[in-house]
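Data first, discussion second: the structure below is written as structure tokens.
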Amino acid sequence: MPPKVTPEKDEQEQSSFSRQTRKVADLFSIPPPIKKLFDRVPVVVYPPNQLPQRAPKSARIPSLYVFSTSHDAAAGKPSFNPSCLKWQTFLNIAGVDHRLISSNNHASPTGSLPFLLPAVHSSSSQESLLPVTSNKFVKYASDHGGRVDESPSMRYEAYQSLLDHRIRNAWLYTLYLEPLNFSAVAYPLYVFPNSSNPLVRASIAYQLRIAAEAELLKHTSIIDTDDLYSEADKAFEALSILLGDDSWFFGNDKPALFDASVFAYTQLLLDDSMGWKEKKLCRALRTRDNLVQHRERLLVRYYGG
Amino acid sequence: MADGVDTGDELFESLRKQVDPKKLEEKVKALAEREAAQSAKAAQRLGELIGSNSSLPVTISSIRLIGAEHTRRSFLDRIFNPILSANKDKAYTLQEALQEVGSAADKLRRFEIYHPSLSTFIDRPDPTDPNSTPTDINVYIQAKERGRVSLKTGTDLGNVEGSAYGNLTWRNIFGGAESLNLNASAGTRTRSAYQATFDTPILSDPDKRATVDVLASSTLKPWSSHEEVLKGAGAKYSWATKSGTKHQVGYTGVWRQVTGLAANASPTVRTDAGDSVKSSISHTWFADRRNHPFLPSRGYFVKTVSEIAGWGPLQGDAAFWKSEFEASGAIPIPIPGKKGDSGVSLTGGLRGGMIYPLPIGFGSEVKPSRINDRFTLGGPTDVRGFKMSGLGPRDGPDAVGGDVYAAASANLLMPFPRVGKDTPLRLQLFANAGRLLALQDGKKSTSRSVYGTVAQLGEGIPSLAAGFGVVYAHPVARFELNFSLPLVLRKGEEGRKGLQFGVGINFL
């Protein structure tokens, strides 16, 4: 009766095979007496050690790491960096409660600020403690009960590109490559806080200017100052026409991410405390009354004036 | 003819037979013995000769160094002028003269610009020379200069790190034993390191050295989720005291960057990310009276390091006073009924350190310590039974370091059964403990916070681990494989249950 014999044999083979695999597994697993010993230690466990003094105090709300001074950060004032200010304003608009931490690019997972560090809760998993980079802020805000009303459209993209290219390029030029502005504005904001050492400051200042120049040369072969400023002027004009007599862009009844994006530049160019020395870009903006008022509105609404 | 062939064969046979290994060995042995006896006799004869003439008055009229084309005259003058009789008030005996010449030759050897086999000859000047007196001797030292430029590549073992390096040394640059050393290395933890060191003896004294160096490096610190990039320069002066202890004082200025953070880096590490400059003066002192650097069975080792950074004219971005102390000792343990050295020894070690924060420059605001200045503790080369930097304050996945620490260990080393005590192999039983603490917050003054933290070291049982293992002292490093159990720890501290492997040159 061969058909009967075969399954029996199979069973035997299988059991011997599983026995063998168990043997191999046993070789790598901890033998029971040692396992018992391991389970017994440590014999005494004390409460954890206290953290060093510089460690940030833990908070129940997420932390937004931005370019700022520690004083301004504690007061929740606008950041002096456009992309930080854009997302700071966005989170304020969306009503996502956060605290600001004055930081620098080395702290960021992407190499540039801002980023958000979620608050530590006892229930939070390892995954939810990872930093959130700015491109995921919209999703983060809507996941965490923020009022997010973003309706992407073709028009939106076109105007966003005005900000991301023309105005940003003029901004980079006016901040880093206009010598007067660099020493009066960029140097104290971006170089001073890093170190008190003159050599280190000189090296960082040089790196900043080189990086700005490289960024501008990505799109053109020579840096034409007049062209940069006139492009920015045209962009402001376009934005001014887009806004018209409305309170917020695209005729919305409340501000959204695009308003934050515009505010990021208008606030910094119109803020007298920035101390601009070469004001070509500021003047171009000041002639657009509705943009000036748009900035005022956001400033009063989200930064208390 | 046939006879001739026969004898030829016999000769051949006899020649072949002679290759009896036993006989050959005996012959070689006898030869060596004869040679040894001869040289011993020669040495004895020379000794007797010198001995019988030891009180012979001599004057050293000249010293000639042969084969040192690249060495400066002014450099050699400082070594030889003081022992020339013309510069001495009193006459030498032959023995004294030989001693002086010997110590001068030893000095030359220690500059490491000549091959170590320096030979000394003594000659009497021609008595017909009107310039010479009957007691005059001339000394000749035969030296061979080492290659002036050497290039070396290889692998290195440091504390818990393996690396490959390339090294270029330019010796005796200006004819005064100055050297320039260029070093580039990359390793398991050090991603890259470049260092240039210029070193020169001061006043032709091999025990007094001045060093200037510049360095650039990038090191991964996985236990605190970041990479540290350093660029710096320093100057040091080191000297040895008569009793054999060594000192070093130096200034270091270094630009540190905490960068390349891991995705899950803790807020404490993120706060310290970025640039800082440390400008500091440090002093190191040590006395090493152990009989072996890696496997001592008797003797002691004491070391202190003190550093002041940022305070007053030093400036920079970090200001503190930092002190570290390290002591270790070994005693052989005799076994009753066994004559002589048993090979069993007990070694003990103690380490401690403290950071006292100071105001930067002439200011008054005290800045707390940064992650790159704080101490770390734990790992196979200090407190065994804990992971690398496994002791002390932790923020999430990161060891963030502490400002005050103390650690101690006791090891019982025993020779392997049947292998013997003369091999560099030992069995060890160990117990070690340590505490690493951050300065207490919210105290009225810095000093209170420091004293409070130091007092806190004694609270409760220190974090403790014990175990056993095998120690192997290789000429370049000490290897340990231990089975360890952490017995006491603070929540968050990372113990290592089971096997732990350690390689290093400096063990607790």
Side-chain angles (χ1 to χ4, degrees), chain A residues 30-31 34-35 37-59 62-63 65 70 101-111 113 115 117-120 124 126-133 191 193-201 203-204 207, chain B residues 253 255 257-277 279 315-317 357 360-361 367-371 374 391-396 400-403 435-441 449 460-461 463-464 485-493 495 497-498:
Chain A
I30 304 162
I34 295 182
K35 180 87 176 38
L37 187 65
F38 280 179
D39 289 342
R40 261 200 212 161
V41 294
V43 185
V44 184
V45 178
Y46 287 102
N49 291 305
Q50 195 189 332
L51 284 179
Q53 291 171 337
R54 264 174 71 95
K57 305 284 162 279
S58 62
S63 309
Y65 284 68
S70 51
I101 292 190
S102 154
S103 187
N104 62 67
N105 284 336
H106 292 290
S108 168
T110 56
L113 293 179
F115 68 93
L117 208 58
V120 181
S124 47
Q126 200 66 39
E127 190 82 342
S128 68
L129 291 177
L130 292 180
V132 181
T133 53
V191 180
N194 292 313
S195 175
S196 61
N197 186 286
L199 288 173
V200 172
R201 282 182 176 176
S203 164
I204 291 173
Q207 284 169 13
Chain B
W255 173 12
Q257 260 176 348
V258 172
T259 186
L261 266 56
N264 61 345
S266 63
T268 309
V269 174
R270 288 201 193 277
T271 307
D272 279 344
D275 307 270
S276 67
V277 169
S279 162
Q315 299 293 339
D317 304 312
I360 289 172
K367 292 269 170 102
S369 59
R370 287 168 179 267
I371 195 163
R374 287 194 290 267
L391 283 168
R394 294 189 82 85
D395 188 2
V400 293
D403 303 287
R435 282 293 267 140
L436 174 65
L437 296 167
L439 282 193
Q440 290 174 342
D441 231 348
S449 144
I461 311 168
S463 296
L464 187 94
L485 289 175
L487 301 175
V488 179
L489 43 76
R490 269 70 199 167
K491 196 165 177 262
E493 288 185 337
K497 293 177 194 172

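Throughout, a chain's letter reflects where its sequence line sits, starting with A, and its residues are numbered from 1.
Between Ser196(A) and Gly316(B), the shortest heavy-atom contact is OG-O, 3.0 Å. The two residues Pro52(A) and Val400(B) make their nearest non-hydrogen contact at CD-CG2, 3.5 Å. Taking every heavy atom of both residues into account, Ser449(B) and Gln53(A) meet most closely at OG-NE2, 3.9 Å. Taking both residues in full, the closest heavy atoms of Leu130(A) and Ala263(B) are given as CD2-O, 3.7 Å, listed atom of the first, atom of the second, then distance. Here the closest non-hydrogen pair linking Ile461(B) and Tyr46(A) is N-OH, 2.9 Å. Nearest approach of Arg54(A) to Pro368(B), heavy atoms of both residues: CD-O, 3.6 Å.
Residue with the most contacts toward chain A among Gln257(B), Gln315(B), Arg370(B): Arg370(B) (heavy-atom pairs, distance under 4.5 Å). Annotation: maximal heavy-atom pairing with chain A below 4.5 Å, among Thr268(B), Asp317(B), Leu439(B), occurs at Asp317(B). Interface summary for chain A: among Ile360(B), Val277(B), Val269(B), Leu464(B), the most heavy-atom pairs under 4.5 angstrom belong to Val277(B). Between chain A and the options Gly260(B), Gly396(B), Gly498(B), Ser276(B), heavy-atom pairs under 4.5 Å are most frequent for Gly498(B). Counting heavy-atom pairs closer than 4.5 Å to chain B, the top-ranked of the candidates Leu199(A), Ile101(A), Val45(A) is Val45(A). Comparing Leu51(A), Ile34(A), Val43(A) by how many heavy-atom pairs each has under 4.5 Å with chain B, the most go to Leu51(A).
Of the atoms belonging to Pro56(A), heavy atoms from both backbone and side chain fall under 4.5 Å from chain B. For Asn194(A), the parts lying under 4.5 angstrom from a heavy atom of chain B are both the backbone and the side chain. In this structure, chain A has a heavy atom under 4.5 Å from the backbone of Val258(B), while its side chain stays farther away. For Arg394(B), the part lying near chain A is the backbone, with the side chain staying farther off; criterion is any non-hydrogen pair under 4.5 Å. Neither the backbone nor the side chain of Ser102(A) comes within less than 4.5 Å of any heavy atom of chain B. If you measure heavy-atom distances from Leu489(B) to chain A, the contacts under 4.5 Å come from both the backbone and the side chain. Neither the backbone nor the side chain of Ser279(B) comes within less than 4.5 Å of any heavy atom in chain A.
Environment of NZ in Lys57(A): crowded, with over 12 heavy atoms of neighbouring residues, nucleotides or ligands closer than 6.0 Å.
For the atom pair CG of Asn49(A) and CD of Glu493(B), the computed distance is 5.0 Å after rounding to the nearest 0.5 Å. Atom OG of Ser103(A) is separated from atom CZ of Arg270(B) by 8.5 Å, given to the nearest 0.5 angstrom. To the nearest 0.5 Å, atom CG of residue Asp275(B) and atom NE2 of residue His106(A) are 4.5 Å apart. Taking CD of Gln50(A) as the start and CD of Gln440(B) as the end, the distance is 6.5 Å to the nearest 0.5 Å.
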